[in-house]
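Reading through the structure tokens given below for one structure.
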Amino acid sequence: MTSIPLVIVGASGHGREVAAAARMVAAADLAWGSVSGFLDDAPDLLGTTIGTLQVVGTTREASHRRLRALLGVGYPEVKSLLFRRIADDVVEWPILIHPHASIGDRVSIGRGSFVQAGCILTCDIQIAEFVTINCGATVNHDVSVARLATLSPGVHIGGNVSIGEGAFVGIGASVKQGIAIGEWSIIAAGAAVTADVPANAVVGGVPACIIKTRKPGWHLE
Ligand SMILES: CC(C)(COP(=O)(O)OP(=O)(O)OC[C@H]1O[C@@H](n2cnc3c(N)ncnc32)[C@H](O)[C@@H]1OP(=O)(O)O)[C@@H](O)C(=O)NCCC(=O)NCCS
């Protein structure tokens with residue numbers, strides 16, 4: 001078992017879900033080790049207990065100590081901020097796959113990514129780094145998901161779909177086969193995406209239409 005402490009960055013509701021999944025993985029694989037606590041930059045959280053874990057420091061700890069870390073946030077713009085701030089300071093970003101997820105053949109998953117309970121990833125799928133695939137999402141054959149993207153609970157992604165960097169697919173949305181979703185776009189909750197989505201667009205409805213367009217680089221503000 002490694003002696004490098006494992007922390008969760010972000011003591012949000014999603015962070016507590018990451019803690020629960022990590023606990024289940026550690027129960028099945030002792031090499032994982034248990035989570036030491038949360039890192040969070042909110043000053044009022046330091047020293048408090050969130051769920052069953054204490055907030056043991058801020059993200060500054062990542063550059064001061066040798067740590068392994070899991071991302072406790074799901075919104076791509078927040079992941080992007082943390083990525084720029086601490087990605088290379090952390091010794092290791094383990095891949096977290098909930099024991100109740102189904103991962104098929106030739107599925108690659110990058111560092112720091114999280115696949116939640118109930119997800120089904122069928123075959124020939126590329127998941128890049130720091131991707132979040134939330135509860136019950138299904139991803140079909142020949143899909144690529146670029147780094148920092150998030151699939152919310154209950155999302156369904158058809159075959160041959162590409163999802164750009166930092167794209168956010170809202171809860172319950174469906175994406176038809178063969179669609180390209182642009183980087184840093186947002187798919188509204190419950191949308192049915194039947195046409196390609198441009199970068200930085202916010203789309204919603206059935207079928208999905210453009211609600212608004214954000215300026216390029218909005219996630220860096
Ligand atoms: C689409 C979304 C990003 C828009 O949020 P916003 O930028 O704050 O915009 P607003 O709430 O002001 O809504 C803007 C317009 O989009 C419409 N809209 C909002 N959500 C919508 C949805 N899910 N489907 C269709 N239209 C939607 C609003 O009715 C509004 O229309 P109007 O201008 O004609 O009045 C947001 O509503 C959404 O669906 N987010 C996803 C949340 C999610 O899935 N979270 C997962 C948690 S695990």
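Being a predicted model, the structure only gives us computed values, none of them experimental. Counting convention: from 1, in listed order, for ligands and their atoms alike.
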Numbered atoms and elements of ligand 1 in range of S152, under 4.0 angstrom, heavy atoms: 46 (C)

Test item: protein heavy atom less than 4.0 Å from atom 6 (P) of ligand 1: yes

side-chain contact (heavy atoms from CB on, under 4.5 Å) assessment of K79 paired with T132: CA-CA 10 Å; K79 291 195 284 185; T132 309; 2.7 Å; yes

Hydrophobic cluster membership, F168 vs I211, 4.5 Å side-chain cutoff: yes

Cluster link L96 to F38, ILVMFWY, side chain under 4.5 Å: yes

Nearest neighbour in protein (non-hydrogen) for atom 45 (N) of ligand 1: F168 CZ, 3.8 Å

Contact atoms of ligand 1, heavy-atom distance to G205 under 4.0 Å: 24 (N), 25 (C)

Exercise check, heavy-atom protein proximity under 4.0 Å to atom 35 (O) of ligand 1: no

Whether K212 lies under 4.0 Å from ligand 1, heavy atom: yes

Minimum-distance pair of heavy atoms, taken over all atoms of I127 and S113: CG2-OG, 4.2 Å

Salt bridge (charged side-chain N to carboxylate O under 4.0 Å, His left out) involving K212 - partner list, sequence neighbours excluded: none

Residue I171 vicinity, atoms of ligand 1 by number, heavy atom under 4.0 Å: 43 (C), 44 (O)

Closest protein heavy atom to atom 21 (C) of ligand 1, given as residue, atom name and distance to 0.1 Å: A188 CB, 4.0 Å

Protein contact to atom 47 (C) of ligand 1 [nearest heavy atom, distance to 0.1 Å]: Y75 OH, 4.3 Å

Protein heavy atom at shortest distance from atom 4 (C) of ligand 1: V202 CG1, 4.6 Å

Stepwise side-chain contact (heavy atoms from CB on, under 4.5 Å) check, E61 with V56: CA-CA 9 Å; E61 297 289 328; V56 293; over 6 Å; no

Flag: protein heavy atom within less than 4.0 Å of atom 23 (N) of ligand 1: yes

Interfacing atoms of ligand 1 (cut-off 4.0 Å, heavy-atom, I186): 3 (C)

Test item: L71 and W93 side chains (from C-beta on) under 4.5 Å apart, heavy atoms: yes

Atom 39 (O) of ligand 1: the protein heavy-atom neighbour that sits closest, reported with distance to 0.1 Å: A189 N, 3.0 Å

Heavy-atom pair with the smallest gap, counting every atom of V206 and A192: CG1-CB, 3.9 Å

Non-hydrogen protein atom less than 4.0 angstrom from atom 19 (C) of ligand 1: no

Proximity flag G190 to ligand 1, non-hydrogen atoms under 4.0 Å: no

Atom 28 (C) of ligand 1 protein-contacted (non-hydrogen atom, under 4.0 angstrom): no

Between H156 and T138: side-chain donor-acceptor atoms closer than 3.5 Å: yes

Within-cutoff protein neighbour (heavy atom, under 4.0 Å) for atom 2 (C) of ligand 1: no

Derivation and outcome, side-chain contact (heavy atoms from CB on, under 4.5 Å), residues D41 and R85: CA-CA 12 Å; D41 289 338; R85 194 178 284 172; 2.7 Å; yes

Distance from atom 26 (N) of ligand 1 to nearest protein heavy atom, with residue and atom: I211 CD1, 3.8 Å

Least distance between heavy atoms, V131 atom then R147 atom: CG2-CA, 4.1 Å

4.5 Å side-chain heavy-atom contact, L70 and P94: yes

Those atoms of ligand 1 less than 4.0 Å from some heavy atom in G170: 44 (O)

Test item: protein heavy atom less than 4.0 Å from atom 13 (O) of ligand 1: no

Numbering as shown, the atoms of ligand 1 that approach P153 to under 4.0 Å (heavy-atom distance): 48 (S)

Part of A173 within contact of ligand 1 (heavy atoms, under 4.0 Å): neither

R111, CZ atom: more than 12 neighbouring heavy atoms under 6.0 Å: yes

Considering all heavy atoms, the nearest G178-V161 contact: N-CG2, 3.8 Å

Heavy-atom protein contact below 4.0 Å for atom 31 (O) of ligand 1: no

